[in-house]
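The structure appears below as structure tokens.
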2 protein chains.
Amino acid sequence: MSKSVTVHDIAKLANVSSATVSRVLSNSDYPVSEKLRTRILQIAEEVNYVPNLLGKQLKKNSTMTIGIIIPSIINPFYSAVAFGVEEVARQEGFTVFTCNSLQDPELEDEYIQTMMEKQVKGVIISSITTNKEKLKRLIKMNVNVIAIDQKLDEEGISQIEFDHRKGGFLAAKYLQGKGHTRIGYATTKLNRPSRKGICLGYVDAMNEAGLEPFVEEYRSDETVNPIFEFETGRELARRMMDAERPPTAIFACNDLLAFGVIHELRARGLQVPSDVSVMGFDGIDVGQMIHPPLTTVKQPDYEMGKMACRMLVDMTRGEDKPMFNVTLQPKVLERQSVRDLNG
Amino acid sequence: MSKSVTVHDIAKLANVSSATVSRVLSNSDYPVSEKLRTRILQIAEEVNYVPNLLGKQLKKNSTMTIGIIIPSIINPFYSAVAFGVEEVARQEGFTVFTCNSLQDPELEDEYIQTMMEKQVKGVIISSITTNKEKLKRLIKMNVNVIAIDQKLDEEGISQIEFDHRKGGFLAAKYLQGKGHTRIGYATTKLNRPSRKGICLGYVDAMNEAGLEPFVEEYRSDETVNPIFEFETGRELARRMMDAERPPTAIFACNDLLAFGVIHELRARGLQVPSDVSVMGFDGIDVGQMIHPPLTTVKQPDYEMGKMACRMLVDMTRGEDKPMFNVTLQPKVLERQSVRDLNG
DNA sequence: TTGTATGCGTTATCAT
DNA sequence: ATGATAACGCATACAA
């Protein structure tokens with residue numbers, strides 16, 4: 001446990017000032033003679049010099065780190081987002097703190113606080129709190145903030161939105177196009193804008209076609225566990241198929257839920273899609289690994305992460321920060337879980 | 001973009017010294033009169049004081065941050081590990097840098113370097129490089145290191161191992177117990193100890209039973225993409241079923257691969273498990289969401305993450321660091337993808 | 001081209 | 001109980 005070597009140590013060894021050492025080792029464009037430069041580099045190499053970024057960052061008042069706050073890295077959707085974020089962060093020389101808020105407002109605020117204290121340059125957040133005080137403080141502290149997934153109407157925050165409503169609309173329209181008229185929507189608690197958006201879009205499409213919406217909502221509060229989503233899907237499918245007029249197609253608010261729906265249908269001896277069609281939402285990878293491959297609405301998770309980080313990095317660079325929001329568009333991923341009732 | 005407020009600012013406002021302010025705001029046990037304490041706390045509150053951890057950490061030469069280096073957060077197995085790590089880190093007041101090495105030795109070394117420079121207290125790593133020089137430097141720098149998943153025989157590194165070999169053995173034995181004699185093992189490239197371990201265990205069990213091993217290896221180098229694993233599974237299943245004596249049971253080196261195997265079998269009109277049985281390895285959550293629910297060998301991912309972080313935290317505390325390794329034991333998760341050929 | 005000296009925000013040591 | 005000051009490791013304004 002040797003004390004770590006500093007620029008001063010190297011300065012002594014090289015018989016130069018620490019300023020010169022710093023200039024060399026920090027790749028400053030400040031002129032230093034080749035002779036000294038090589039000598040210093042050599043010594044640094046020999047003694048295994050490792051710069052202490054704490055000192056540098058304190059001095060320059062700038063850390064090359066950002067934070068990402070998401071409900072849970074276990075959720076395939078968010079892990080794809082995080083992967084995208086990290087990819088461009090790495091390319092740009094940033095390191096990223098990953099924070100799982102577990103959908104707990106207190107935890108979320110706690111993490112925001114920590115990010116401030118650790119002096120991150122930016123935060124990418126999927127926020128679920130209703131009280132945005134902490135978040136406003138973040139912005140006041142000159143930390144760049146980008147909201148993803150969950151809409152966040154606060155001044156000074158750029159958004160990467162996803163058009164959930166249009167996604168819901170497209171899904172219902174797609175099912176209608178396949179000849180379905182009795183289309184159910186299975187959703188977890190409608191307590192978040194994204195969920196409401198999908199539902200609204202679905203209802204729009206049903207109304208537009210003169211069809212009666214059939215929404216089944218799981219009211220107990222959600223957790224962060226993929227299996228919970230799966231089980232919720234089973235329960236909702238149960239309820240819907242026990243209804244007086246069961247649907248011929250079930251549209252689920254996310255893919256994991258759709259997996260549960262399919263599971264329950266099969267348990268009842270129903271075939272997907274020949275007996276009942278199922279459609280998901282999100283487009284996670286495993287959707288194409290199950291049987292039947294899940295037709296779903298693609299929400300570009302990985303790309304969303306990359307884009308968010310790209311915007312963040314740009315913001316940290318440009319002095320004049322052009323604020324703008326991006327709205328990503330949904331796309332139907334046509335696979336094999338929907339039956340065509342036409343002809 | 002107001003300059004952030006420091007202990008000195010507060011000191012001025014309260015007409016006290018910055019030392020006193022620091023003592024109060026850092027919850028020091030150094031005695032400060034109640035009068036001053038409350039006044040300082042009040043002012044800090046009013047001016048929205050946010051401590052700059054950079055200064056504190058530089059001074060104390062200790063950051064409450066750790067790093068986790070894994071191949072890819074997109075892989076459900078590693079995201080579960082990361083989730084576990086983050087959970088206990090949070091409880092213990094640590095923040096975690098998440099790093100995806102993408103199985104690239106250079107990237108891995110780069111991240112190790114960054115972790116050193118950022119002065120993390122510990123690193124949890126699933127290392128795939130053969131050259132462990134950088135890692136040794138880490139240890140010399142007094143950073144605690146815990147190896148997970150991939151074995152790492154270096155002095156000063158604690159390991160959380162998983163008994164892959166026994167896992168492979170158990171799987172083969174399980175299939176044998178169900179009456180299977182022609183059991184194939186489908187694996188990605190056998191270039192990592194963990195994969196070799198599973199294979200060895202499988203071969204052990206086959207030999208022990210006087211059965212002929214049947215290993216099909218995908219030789220091209222793997223990537224980090226779950227879909228790649230899936231496709232690999234399809235390809236391997238194709239090869240195995242095209243063999244002269246196709247197996248009645250296929251054991252895959254991970255669950256995603258098993259998904260691909262099942263997919264390919266179905267594409268050939270074969271039912272799982274009535275025609276061919278399939279067994280996976282890892283026990284990721286989605287395994288129970290597909291059809292049929294996948295029988296597999298559980299590798300305790302989440303618990304592994306928690307345990308690794310717990311050990312790490314303990315190491316950062318205790319002055320005398322008791323080094324020890326943990327070997328987690330495999331367990332067969334009996335679900336419905338294996339047919340019982342007996343009676 | 002090189003060196004000196006100061007400060008980033010914090011805490012710890014030593015006086016008072 | 002409180003204050004003055006130095007120090008953590010680094011980068012930079014200024015002097016030489």
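Residue B:K56 places at least one side-chain N or O under 4.0 Å from the OP1 or OP2 atom of C:dT11. Dashed line: the shortest gap from a side-chain N or O of A:Y49 to OP1 or OP2 of D:dC10 is under 4.0 Å. Distances shorter than 4.0 Å separate some side-chain N or O of B:S17 from OP1 or OP2 on D:dG3. Regarding contacts with the backbone of D:dG3, a side-chain N or O of B:T20 is found under 4.0 angstrom from either OP1 or OP2.
Across D:dA11, D:dG3, D:dC10, the shortest atom-to-atom separation from the side chain of A:V7 is found for D:dC10. Minimum atom distance to the side chain of A:R23 is reached by D:dA13, of the listed D:dA13, D:dG3, C:dT10. Of the candidates D:dG9, C:dA12, D:dA1, the closest approach to any side-chain atom of B:A19 belongs to C:dA12.
When rounded to the nearest whole Å, the span between OH of B:Y30 and P of D:dA1 equals 9 Å. The distance between atom CD of B:Q57 and atom C1' of C:dG9, rounded to the nearest whole Å, is 12 Å. In this structure, B:E117 places its CD atom 16 Å from C1' of D:dA11, rounding to the nearest Å. The separation between B:N15 atom CG and D:dA4 atom C1' is 16 Å, rounded to whole Å. Nucleotide D:dG9 holds its P atom 19 Å from the NZ atom of A:K60, rounded to whole Å. Atoms NZ (B:K12) and P (D:dT2) sit 20 Å apart, rounded to a whole Å. When the P atom of D:dC10 is taken as reference, atom CG of B:L54 falls 13 Å away, rounded to whole Å. Note: CD1 (A:I40) to C1' (D:dA11) measures 14 Å, nearest angstrom.
With contacts defined as side-chain heavy-atom distances shorter than 4.5 Å, the pair A:N48/A:V5 does not qualify. Put simply, the side chain of A:R90 reaches to within 4.5 Å of the side chain of B:Y111, judged on heavy atoms. Side-chain contact check for B:L328 versus B:M307: some heavy-atom pair is nearer than 4.5 Å.
Contacts of B:L53 with the nucleic acid, taken as non-hydrogen atoms under 4.0 Å apart, are absent. A:N61 comes within 4.0 angstrom of no nucleic acid atom, judged by non-hydrogen atoms across all strands. As judged by a 4.0 angstrom heavy-atom cut-off over every strand, B:S26 is placed among residues touching the sugar-phosphate backbone only.
Across the interface with DNA chain D, nearest-nucleotide mapping of B:S33 and B:K59 shows B:S33 to be the residue nearer the 5′ end.
Salt bridge B:E92/B:R310: present, at least one basic N to carboxylate O contact under 4.0 Å. In summary, A:K306 and A:E303 do not engage in a salt bridge, as defined by a charged side-chain N under 4.0 Å from a carboxylate O.
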